[in-house]
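Dumping the structure here so I can ask a few things about it.
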Amino acid sequence: MRKITPIFTFFFCFFSFLPEISIAEDILTSTGSITGDGSLISTGGTFKLGFFKPGSSENRYLGVWYNKVSIQTVVWVANRDKPLTDSSGVFKIGDQGNAIIIMGDGNLSWSSNHTKAKNPVIQLLESGNLVLREEDDNDPENFLWQSFDYPSDTLLPGMKLGYDLRTGLDRYIRSWKSIDDPSPGESIFRLDHRGIPEIYLLRGSVVKYRSGPWNGIRFSGVPEMQPAYIFQFSFESNEQEIYYKYDVVKKSLISRLTVSPSGLLQRFTWLAESRVWNPIWRAPKDQCDDYAVCGPFGVCNSNGSPVCECLNGFLSKSPQAWFLRDGTDGCVRTTPLACSKADGFMKMKRMKLPDTEDSMVYKDMNLDKCEDLCLKNCSCMGYASADIRGGGSGCVTWGGQLIDLREYGDSGQDLYVRLAGSDLDDSDAKRRVAVIVAATVVPALVLLAVGGFCLWKRNKRTIARKETGIKERSQDLLLFDMGGSSSAGKDRSREHRKEDLELPLLDLGLIVAATNNFSDSNKLGEGGFGPVYKGKLGDDQEIAVKRLSKRSGQGLDEFKNEVTLIAKLQHRNLVRLLACCIEGEEKILIYEYMPNKSLDFFLFVETKKALLDWEKRFDIIMGIARGLLYLHQDSRLRIIHRDLKAGNILLDSKMNPKISDFGMARIFGGDETEANTKRVVGTYGYMSPEYAMDGLFSVKSDVFSFGVLVLEIVSGKKNRGFYQTDDDLNLLALAWRLWKEGKGSELMDASIEISSSISTVLRCIQVGLLCVQESAEDRPSMSTVVLMLGSDNPTLPPPKQPGFCTGRSLPERGSFPNQQESCTINQVTITMVEAR
């Protein structure tokens with residue numbers, strides 16, 4: 001036998017006692033472990049497993065993230081509830097055949113379920129699934145344990161969201177607590193298998209959004225969920241499992257569905273060229289996505305004004321709340337059901353089906369039999385097809401109240417709602433009546449028309465002279481023709497404004513009583529429009545009364561504009577215009593009362609700014625952004641506010657922000673992107689350069705004002721306007737200088753240092769700077785702003801220099817008292833209005 005040399009013996013013994021180290025491999029055996037920077041990498045290199053630190057946290061977690069994505073994007077975390085607080089920690093296979101994480105003191109940080117495996121191995125699959133299996137078992141589905149059964153905040157392609165009825169396993173995704181803390185947050189996206197299975201987004205125990213039931217092609221409340229060459233959506237419901245999943249057809253595409261700490265559900269795809277996560281879908285996306293916003297038997301339509309309507313045969317349960325555009329109490333039936341064949345069903349098209357908690361499914365029943373079944377059951381309130389493929393099959397019936405109804409313009413499905421016979425529209429009878437009318441009445445009408453024309457021709461001048469001026473003036477008053485327009489203009493104005501006026505008129509005496517005869521003790525403030533008073537109606541409803549001042553130079557046009565414009569808008573972040581009053585010389589607007597006044601009341605007062613911690617400030621930023629997005633994109637009109645500022649952000653009892661004062665707003669047509677004016681209206685310090693200097697305004701003008709607001713909210717400082725000098729920087733210049741020097745956190749208001757998340761504050765500063773860039777084309781849209789603010793780890797482009805309006809001559813600071821002033825630049829008149 002050959003003699004073993006001493007040097008060989010040395011190396012043999014040395015390497016025999018080394019632990020097994022996996023380098024760029026996907027499998028960990030029972031003799032190996034992962035510590036420090038050790039990792040597993042899936043066979044195709046898509047995913048990586050190892051220890052990481054989230055955000056600015058010093059805690060360490062074991063997680064899975066994308067290996068080929070330049071931004072570390074974690075999709076699964078093992079020890080969410082028990083992080084490692086130092087550099088110690090070992091991930092390995094334990095004595096019980098399970099995956100475990102051991103802390104430096106020997107205590108357990110996390111473990112998978114116990115197994116009886118003989119030769120267990122841990123493997124990171126190319127799908128992102130971390131699995132525990134027998135070493136010699138090649139069955140791709142025979143896992144002893146898998147991370148896909150215990151998701152974190154992300155749903156990956158191929159993952160199941162739902163129930164395993166055999167084991168009771170409930171798979172759902174749950175948000176991180178914050179971008180620095182992956183422990184379980186409040187927002188949960190999970191499937192509920194009661195009634196017809198559907199998926200809910202919850203904030204704690206409160207439902208925020210509902211997908212609608214699966215109809216064979218998609219969830220009925222997600223019209224964007226169309227089968228395409230990019231994604232394949234599937235839903236399975238049998239005796240063993242109930243789950244939803246999606247797959248990516250193009251395997252090279254990287255996509256994920258995640259729920260953010262703020263409660264936003266988003267689907268992203270990775271754009272490798274620009275190295276950013278591109279958000280392609282979100283929920284909730286508009287007011288009608290909010291769960292049960294119109295209450296039982298109420299229907300939400302995002303294109304309507306107001307968005308809530310009662311079903312035919314129903315009236316609002318709380319008329320006062322409905323008047324205030326709060327539809328959550330819903331509607332009640334006006335005619336009792338007969339509980340017999342005297343009842344019938346109204347067909348509603350393009351609907352999101354109601355909440356299915358109280359529903360029954362009959363898979364083998366057609367719609368005719370479904371109608372008979374529902375009609376025989378007095379508690380059955382409606383029915384629909386369970387599967388819309390191939391013309392429809394199966395039957396779903398609803399008992400009790402119909403909740404969370406929504407009407408779409410070009411999607412949804414048919415819903416049949418039970419009504420009393422007298423409330424049904426008998427379309428057949430109407431058609432028969434129409435035929436009779438056409439056959440008998442039309443010839444007579446033709447004769448009358450010929451005779452009437454001759455009579456009208458002869459007496460035209462006489463009729464014109466008999467028109468009373470009183471009627472003309474009363475119509476002008478009602479339709480707000482308060483200027484010196486021509487008669488032709490008035491006729492056109494009447495025709496349009498009859499259609500536009502959707503606002504109750506209140507008696508002046510009622511307003512006088514409500515405000516104690518406009519007493520000074522009731523006065524809340526005064527702006528360019530006129531004074532604002534607090535009032536209380538007879539039912540103790542608190543209101544804010546905006547009275548047009550006779551001395552106001554801006555009031556008449558702005559009054560007309562606000563009445564005809566804001567009455568059409570409804571959003572949680574817009575103040576509600578409740579009514580108006582027009583009697584004699586009085587022009588009055590009645591708003592919902594905001595007990596916490598305006599944002600500037602807190603933000604710029606040293607003794608009050610501490611009441612706004614960072615969480616409240618961030619919520620205010622997000623609320624303003626969503627309200628502005630609604631104005632620019634999601635409402636049925638495209639509206640440019642033109643006077644967005646801290647004084648026009650009102651705060652309700654819960655400090656929720658509401659955009660107010662639409663007197664200067666402008667409606668844009670469908671193809672209109674910008675406009676020009678020689679009368680620039682707005683507030684010193686908030687106007688974009690192209691608007692202030694050249695009279696050009698667009699949605700990007702509002703974006704600029706929003707950016708100023710964001711920087712004011714972060715810093716607690718007021719932007720003083722357009723000036724940039726070496727020793728006296730305005731807020732934009734200060735923010736820009738600190739950002740370039742890498743000292744962005746120094747802009748933060750000292751009163752929020754304790755409550756703030758530095759990474760979130762810096763993200764808001766960067767978004768604010770992106771919004772105030774000098775060139776309008778460089779500024780993001782509000783939809784992009786909302787996504788940048790709501791995403792946990794967005795990749796944001798570097799901002800360019802803000803629009804300081806340097807080198808232009810403007811009036812000296814302090815030359816704008818609490819009244820409107822004007823100056824002229826480039827032949828453009830600028831009307832500056834100080835904060836109300």
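Bear in mind the structure is a predicted one, so any value in this text is a computation, not a measurement.
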Considering residues at least two apart in sequence or located in another chain, which fulfil the side-chain hydrogen bond (donor to acceptor under 3.5 Å, both in side chains) criterion with Ser187?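 For Ser187 the side-chain hydrogen bond (donor to acceptor under 3.5 Å, both in side chains) partners, ignoring immediate neighbours, are Arg203.
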Pairing residues for Thr269 by the side-chain hydrogen bond (donor to acceptor under 3.5 Å, both in side chains) criterion, not counting sequence neighbours: none
May I have the list of side-chain donor-acceptor pairs in residues 93-105 shorter than 3.5 Å, sequence neighbours left out?
| residue | atom | partner | partner atom | Å |
| --- | --- | --- | --- | --- |
| Asp105 | OD1 | Asn107 | N | 3.0 |
| Asp105 | OD2 | Asn107 | ND2 | 3.1 |

Do Ser147 and Asn129 have side-chain atoms, one donor and one acceptor, less than 3.5 Å apart?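 Yes, a side-chain donor-acceptor pair sits under 3.5 Å.
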Could you tell me which residues satisfy side-chain contact (heavy atoms from CB on, under 4.5 Å) with Pro213, sequence neighbours excluded, listed by chain and number? Ile196, Glu198, Arg210, Ser220, Leu353, Thr356
Scan residues 44-53 for pairs that pass salt bridge (charged side-chain N to carboxylate O under 4.0 Å, His left out), counting only residues two or more places apart or in two chains. Lys53-Glu58
Salt bridge (charged side-chain N to carboxylate O under 4.0 Å, His left out) against Glu753, all qualifying residues, sequence neighbours excluded: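 For Glu753 there are no salt bridge (charged side-chain N to carboxylate O under 4.0 Å, His left out) partners, ignoring immediate neighbours.
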Contacts of type side-chain contact (heavy atoms from CB on, under 4.5 Å), residue Lys177, not counting sequence neighbours: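 side-chain contact (heavy atoms from CB on, under 4.5 Å) list for Lys177, sorted by chain: Asp181, Ser183.
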Output all residues satisfying salt bridge (charged side-chain N to carboxylate O under 4.0 Å, His left out) with Asp81, sequence neighbours left out; order by chain, then residue number. none
All side-chain hydrogen bond (donor to acceptor under 3.5 Å, both in side chains) counterparts of Lys285, not counting sequence neighbours: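 In terms of side-chain hydrogen bond (donor to acceptor under 3.5 Å, both in side chains), with neighbours along the sequence ignored, Lys285 is linked to Glu224, Asp289.
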Disulfide bond (SG atoms under 2.5 Å apart) partners for Cys771, two or more places apart: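 With neighbours one apart ignored, the set is empty.
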For residues 778-788, which residue pairs qualify under salt bridge (charged side-chain N to carboxylate O under 4.0 Å, His left out), counting only residues two or more places apart or in two chains? Glu690-Arg779, Asp778-Lys800
For Arg171, the side-chain hydrogen bond (donor to acceptor under 3.5 Å, both in side chains) test, sequence neighbours excluded, returns Asp149, Glu241
